[in-house]
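If you're wondering where the values come from, they're calculated on a predicted model, not measured in any experiment. Indexing begins at 1, ligand by ligand and atom by atom, following the structure's order.
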Amino acid sequence: MLLMGKPSFFLLLLLLHCFMVSLVWSDTNINTDKYALLALKSFITSDPYDILANWSISSPPCNWIGVTCNPRHRRIHSLNLGSMDLKGTMCPQLGNLSFLVELDLSDNNFYGQIPEELVRLHRLKLFNLSYNNFDGQVPAWIGYLTSLQKLNLYNNNLNGVIPPSLFNLSMLEILDWGANFIEGVIPLVVGRLQQLKILRLVGNNLSGFIPQAICNLTSIELLSLSYNSLSGGIPNKIGDLSQLKILSLGANQLTSSIPSSLFNNSVLQEIFLGENQLSGSLPNSLLA
Ligand SMILES: *[C@@H]1O[C@H](CO)[C@@H](O)[C@H](O)[C@H]1NC(C)=O
Ligand SMILES: *[C@@H]1O[C@H](CO)[C@@H](O)[C@H](O)[C@H]1NC(C)=O
Ligand SMILES: *[C@@H]1O[C@H](CO)[C@@H](O)[C@H](O)[C@H]1NC(C)=O
Ligand SMILES: *[C@@H]1O[C@H](CO)[C@@H](O)[C@H](O)[C@H]1NC(C)=O
Ligand SMILES: *[C@@H]1O[C@H](CO)[C@@H](O)[C@H](O)[C@H]1NC(C)=O
Ligand SMILES: *[C@@H]1O[C@H](CO)[C@@H](O)[C@H](O)[C@H]1NC(C)=O
Ligand SMILES: *[C@@H]1O[C@H](CO)[C@@H](O)[C@H](O)[C@H]1NC(C)=O
C-alpha cells in the first residue's frame with residue numbers, strides 16, 4: 001500500500017505542478033497582451049475624443065474599446081482603432097500580441113516607421129494602416145506574415161521598392177499600396193498571387209514594364225497601376241483575365257497598341273488607359 005502510494009503521490013504532485021504552470025502561463029499571456037496595448041496607449045500623444053480612457057491597468061483588456069478577444073483562448077484577436085483621430089507612433093510591443101488576427105489602425109494620424117517586431121504576428125490576416133503618415137521603407141519582413149489575406153497601406157509616405165518576398169504571401173486577396181512613394185519595378189513574381197482580387201499600386205513612382213506574368217492573376221477583379229511611370233506595352237493577354245472588372249493603367253508612359261483581348265472581355269465595367277501614348281481604340285461598350 002505504502003509502496004504503491006508513493007508513485008501516485010508523486011504523480012499527483014506532478015499533475016498539480018503542471019496545472020499551476022499552465023495557470024501562470026495563461027495569466028502571463030493575457031497580461032502580455034494587456035501590457036502591449038498599454039504600451040501602445042503610452043505612444044499615443046493625441047486622443048481628442050478620449051477613446052482610450054478605459055484602457056486601464058485595472059480592467060481586463062478584452063472589455064476595452066477597439067479590442068476583441070478570442071472566446072476560446074481569451075487572447076486578443078482583433079484591434080480595431082480605425083477613424084478615431086489618434087496621433088502617435090506604433091510601438092514594438094504590438095509584436096507581442098501573438099494571437100492577433102486583425103489589426104486596423106486606418107484613417108488616423110499615426111506616423112514614423114512600422115516596427116519590425118510585427119513580423120512575429122504570424123496569425124495576422126488583416127493588416128490595415130491606410131490613411132496615416134507612416135514613413136520609411138515599405139517593410140520587406142511583411143513577406144513573413146504568411147497568413148495575410150488583406151494588406152492595406154494606402155495613402156502613407158512609404159518609399160523604397162516592392163520587396164519580392166511579398167509575393168510569397170499565397171493567401172493574399174487584397175494588396176493596396178497606392179498613394180505612397182514606392183519606386184522600382186513590379187517584380188516578375190507578381191503572378192504567384194493566385195488568390196489576389198485587388199492589386200492597387202496607383203499613385204506611386206513605379207517604372208519599367210508591366211510584367212506579362214500579371215496575366216497569371218486569374219482571380220483579379222481590380223487592377224490599378226495608374227499614375228506611375230510605367231513604360232512599354234500593355235500585356236497582350238490582359239483581356240483574358242475573366243474576373244477583371246476595373247482596369248486602370250492611365251497616366252503612365254505606356255506605348256504600343258491597346259490589346260484586342262480586351263474586346264473579348266464581357267465582365268469589364270470600367271477602364272482608364274488615357275494619358276499614355278497608346279494607339280488603337282477601346283471596345284465601344286466601355287466608352288463613356
Ligand atoms: C469601455 O468602453 C466601452 C465602450 O463605451 C464599453 O463597452 C466597455 O464596457 C468599457 N470597458 C470598461 C472596462 O470599462
Ligand atoms: C514585448 O515586447 C517588447 C518589445 O518588443 C519586449 O521587450 C518584451 O520583452 C516583450 N515581452 C513581454 C512579455 O512584454
Ligand atoms: C481599411 O481601411 C480603410 C479606411 O478606413 C477602408 O476604406 C478599407 O475598407 C479597410 N479595409 C481594407 C481591407 O482595406
Ligand atoms: C519566399 O520564397 C522563396 C522560395 O520561393 C524563399 O527562398 C524565400 O526565403 C521566401 N521569403 C520569405 C520572406 O518568406
Ligand atoms: C502562374 O501561376 C502558376 C499557378 O497557377 C504558378 O505555378 C506559376 O509560377 C505562375 N507563373 C508566374 C510567372 O508567376
Ligand atoms: C520618381 O523617380 C525618378 C527616378 O526614377 C525621379 O527622378 C523622380 O523625381 C521621382 N518622382 C517622385 C514624385 O518621387
Ligand atoms: C476572342 O475570343 C474568340 C472566341 O473565344 C477567340 O477565337 C479569339 O482569339 C479571341 N480574341 C482575342 C484577341 O483574344
Exercise. Just checking, is any N or O donor in the side chain of Asn80 or Ser78 under 3.5 Å from an acceptor N or O on the other one?
Worked result: no
Exercise. Is there a chain of hydrophobic side chains (I, L, V, M, F, W, Y, each step under 4.5 Å between heavy atoms) that links Phe167 to Leu124?
Worked result: yes
Problem set entry | Ring geometry between Trp55 and Trp64 (parallel below 30°, tilted from 30 to 60°, perpendicular above 60°) | parallel
Exercise. Under 3.5 Å between some N or O of ligand 2 and some N or O of Glu117?
Worked result: no
Exercise. Got a second to check how far Leu222's CG is from Ile174's CD1, nearest 0.5 Å?
Worked result: 10.0 Å
Name each N or O atom in ligand 3 that is under 3.5 Å from a protein N or O, and give the partner atom and the distance.
{"from": "ligand 3", "atom 1": "2 (O)", "to": "Ser106", "atom 2": "OG", "distance (Å)": "3.2"}
{"from": "ligand 3", "atom 1": "2 (O)", "to": "Asn128", "atom 2": "OD1", "distance (Å)": "3.3"}
{"from": "ligand 3", "atom 1": "2 (O)", "to": "Asn128", "atom 2": "ND2", "distance (Å)": "2.4"}
{"from": "ligand 3", "atom 1": "2 (O)", "to": "Ser130", "atom 2": "OG", "distance (Å)": "3.2"}
{"from": "ligand 3", "atom 1": "5 (O)", "to": "Ser106", "atom 2": "OG", "distance (Å)": "2.9"}
{"from": "ligand 3", "atom 1": "11 (N)", "to": "Asn128", "atom 2": "ND2", "distance (Å)": "2.8"}
{"from": "ligand 3", "atom 1": "14 (O)", "to": "Asn152", "atom 2": "ND2", "distance (Å)": "2.7"}

Exercise. Do the side chain of Asn236 and the main chain of Pro259 share a donor and acceptor less than 3.5 angstrom apart?
Worked result: no
Exercise. Do the ring planes of Phe134 and Phe110 sit parallel (below 30°), tilted (30 to 60°) or perpendicular (above 60°)?
Worked result: parallel
